[in-house]
Asks: 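If you scroll down you'll find the structure; I have some questions about it.
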Amino acid sequence: MSSSENLADARTVRTHAEDLIDLVAASPSSLHAAETVAARLVSAGFTRLVETAAWDVVPGGRYVVVRDGAVLAWAVPLAASATTGFHVLGAHSDSPGFRLKPQPTTGTRGWLQAAVEIYGGPLLNSWLDRELLLAGRLITADGAHHLVATPPLLRLPQLAIHLDRNVNDGLALDKQTQTQPVWGLGQPATADLLAEVASHVGVARADVRGYDLVLADSARGAVFGADDAFLAAGRLDDLASVHAGLRAFERLAASSSEGDGAGAGVERLPHIPVLAVFDHEEVGSATRSGAAGPLLGDVLGRIATALGATPEEHLRALADSWLVSSDVGHSVHPNYVGRHDPVVQPVLGSGPILKINANQRYATDGAGEAAWRGWSERAGVAVQEFVSHNGVPCGSTIGPISATRLGIRTVDVGIPILSMHSARELAGTSDLLGLSRVAEAFWRS
């Protein structure tokens, strides 16, 4: 590759990374993430559908639907039939952290605090000494849902070393008493945290009937390191995958409908491309908007109905489908090499990862591995494998859940990161673009 080509690709990597930073900043909660993705796709020519209305899904159409913190988008090729298969890229919108409890205004000794509950499995210490905001939705008496994100409002202050001389020998936070952030000074009896939040969307506190609010780090993501190798931001697990799929879909939708191969537009594809972003992966996915719920099956079923499929034809379409489950995985950590497999050691900047587990915590099998390598080769992107150290069990993803529900052939992939489940995670900028390019090749294949 020439120096000018290297420079052009470096600019493309940087542009992709900065767009991800914008997406993360616009998505402090899963609810915001779903709306942000939907809004961008509507701008790209997609029609937003409502679940309670009849759907007029026709060949040549592009559609998006939101269910709480989940969003699904798809495009119907002109030649789509009742047995046309689906190519689904799955990811999730939620991240580990903290959610606001009922009766959230609390405090002691002149401090106002927020009562929060731990969501998923965050690295608790990483949330200390950061300016945090509250984000999510308020539901008012008229049934309206109001998305809200406050400015920096809260902080979990760490105890000074002078008061805990052994803190550097091991920090263990009590999950109840030492994770309640401060947000002001005064007495809880005369304060109201929900009123503070409601004021940012012009809603009266008396009108608030329900809420779903989470804490988020208010700091903006950053590209840094030699040759802009790194991107640090909150919620990369799994907004990095959401963004990769979104950008791939935007490029696909913008491409010409004329021609074939790499230049083919969405109208000429041999299958139906689907972007499926689920909520609640960090707590098991067993919700109406999670991968273990009915959402993906509901949407694929409604598409099949619009195409005139019989139940048998729909099953034939599913049997001819693929699901790529994209979520972050572990890069080898330079300070903890012994926690990783001694041979398979993916590292930031060397390409997306193919996630493999003998106990089916990931859904990848030999057929999935071969398919992913083919799509990656088509995209010109390197492949790394990930497998866990035998003594350090791995987590799981939406892949096995979705494969179990629908029987779709599934492969688990992602990007390698460090500081997984930290309030601020670390990715390789080139991997982010690489994942998006393979996602586009997957949809074009």
Side-chain angles (χ1 to χ4, degrees), residues 30-91 93 137 139-140 142-147 212 242 245-246 249-250 252-253 257 265-280 285 287-321 323 402 405-408 443:
S30 60
L31 298 159
H32 285 83
E35 290 294 338
T36 299
V37 170
R40 284 184 52 160
L41 289 174
V42 167
S43 295
F46 286 66
T47 298
R48 183 157 176 174
L49 302 176
V50 178
E51 286 193 88
T52 55
W55 288 1
D56 185 20
V57 174
V58 297
R62 305 169 184 183
Y63 308 95
V64 61
V65 64
V66 173
R67 180 185 287 183
D68 299 328
V71 56
L72 267 71
W74 65 97
V76 185
L78 290 172
S81 72
T83 56
T84 299
F86 303 91
H87 273 203
V88 183
L89 180 76
S93 58
R137 66 182 172 188
I139 296 89
T140 46
D142 59 0
H145 292 206
H146 304 266
L147 278 185
D212 297 291
V242 173
L246 172 63
F249 226 154
E250 287 174 332
L252 192 68
S257 62
V266 66
E267 298 89 349
R268 296 172 60 87
L269 296 179
H271 51 260
I272 300 170
V274 180
L275 175 63
V277 178
F278 301 100
D279 203 349
H280 303 129
S285 297
T287 67
R288 70 187 297 268
S289 53
L295 178 57
L296 180 57
D298 287 350
V299 170
L300 298 186
R302 292 181 77 164
I303 296 171
T305 298
L307 294 175
T310 65
E312 180 184 4
E313 287 172 326
H314 183 46
L315 290 176
R316 288 170 60 191
L318 293 180
D320 192 33
S321 299
L323 170 66
S402 298
R405 281 192 53 80
L406 298 175
I408 294 179
W443 276 325

Asks: Say you draw a straight line from CG of L315 to CD of E313; how long is it, rounded to the nearest 0.5 Å?
Replies: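 Spacing of CG (L315) from CD (E313) equals 10.5 Å.
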
Asks: Taking C-beta and beyond as the side chain, do L300 and H314 meet within less than 4.5 Å on heavy atoms?
Replies: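 Yes, side chains in contact.
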
Asks: Any idea how F249 and F46 line up, ring-wise: parallel (<30°), tilted (30 to 60°), or perpendicular (>60°)?
Replies: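 Answer is perpendicular, since the angle exceeds 60°.
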
Asks: Enter the distance from I272:CD1 to S321:OG here, rounded to the nearest 0.5 Å.
Replies: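 These two atoms lie 8.0 Å from each other.
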
Asks: May I ask you to decide whether R67 forms a salt bridge with D298, counting only side-chain N to carboxylate O separations under 4.0 Å?
Replies: yes

Asks: Is a donor on one side and an acceptor on the other found under 3.5 Å between the side chain of S93 and the backbone of G69?
Replies: yes

Asks: Within the structure provided, determine whether W74 and L275 are in side-chain contact (heavy-atom separation under 4.5 Å).
Replies: no

Asks: Specify the closest pair of heavy atoms between H87 and W443, including all atoms of both residues, with the distance to one decimal.
Replies: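 Reported closest heavy-atom pair: O-NE1, 2.9 Å.
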
Asks: Closest approach of T84 and A79, non-hydrogen atoms and distance?
Replies: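 Here T84 and A79 meet closest at OG1-O, 4.4 Å.
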
Asks: L49 and V64: side chain to side chain contact (heavy atoms under 4.5 Å, CB included), yes or no, with the steps?
Replies: CA-CA 6 Å; L49 302 176; V64 61; over 6 Å; no

Asks: Specify the closest pair of heavy atoms between G245 and L89, including all atoms of both residues, with the distance to one decimal.
Replies: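 Here G245 and L89 meet closest at CA-CD2, 3.4 Å.
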
Asks: What heavy-atom pair brings P59 and L78 nearest, and what distance separates the two atoms?
Replies: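 Minimum heavy-atom separation between P59 and L78: CB-O, 3.6 Å.
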
Asks: So V76 and V266, side chain to side chain contact (heavy atoms under 4.5 Å, CB included) or not? Walk me through it.
Replies: CA-CA 8 Å; V76 185; V266 66; over 6 Å; no

Asks: Is it the case that T287 and H280 place a side-chain donor and acceptor less than 3.5 Å from each other?
Replies: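 A pair is found: one side chain offers a donor N or O, the other an acceptor, under 3.5 Å apart.
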
Asks: Distance from I139 atom CD1 to H145 atom NE2, nearest 0.5 Å?
Replies: 5.0 Å

Asks: Between Y63 (side chain) and D56 (backbone), is there a donor-acceptor pair under 3.5 Å?
Replies: yes

Asks: Considering residues, nucleotides and ligands other than R302, do more than 12 of their heavy atoms fall under 6.0 Å from its CZ?
Replies: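 Check passes, neighbour count above 12.
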
Asks: Does the salt bridge (Lys or Arg N to Asp or Glu O under 4.0 Å) test come out yes or no for R48 and E35, once each step is laid out?
Replies: CA-CA 11 Å; R48 183 157 176 174; E35 290 294 338; 2.8 Å; yes

Asks: Is any side-chain heavy atom of V65 closer than 4.5 Å to a side-chain heavy atom of V299?
Replies: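 The answer is yes, as the side chains (C-beta and beyond) meet within the 4.5 Å cut-off.
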
Asks: Do V277 and L72 have side chains that approach each other closer than 4.5 Å (heavy atoms only, starting at C-beta)?
Replies: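 Counting from C-beta outward, V277 and L72 never come under 4.5 Å.
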
Asks: Without swapping roles, check the side chain of R268 against the backbone of P77 for a donor-acceptor pair under 3.5 Å.
Replies: no

Asks: Any idea which heavy atoms bring A44 and R62 closest together, and the distance?
Replies: O-NH1, 3.9 Å

Asks: Which heavy-atom pair separates A276 from V88 by the least distance, and what is that distance?
Replies: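 Taking A276 first and V88 second, the nearest heavy atoms are CB-CG1, 3.9 Å.
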
Asks: For R137 and D68, what are the C-alpha separation, side-chain angles and deciding distance, and is it a salt bridge (Lys or Arg N to Asp or Glu O under 4.0 Å)?
Replies: CA-CA 10 Å; R137 66 182 172 188; D68 299 328; 3.1 Å; yes

Asks: Is there a side-chain contact between F86 and L296 (heavy atoms, below 4.5 Å)?
Replies: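 Contact flag for F86/L296 side chains = no.
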
Asks: Atom OG1 of T36 and atom CG of L246: how far apart are they, to the nearest 0.5 Å?
Replies: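 Result: 9.5 Å between the selected atoms.
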
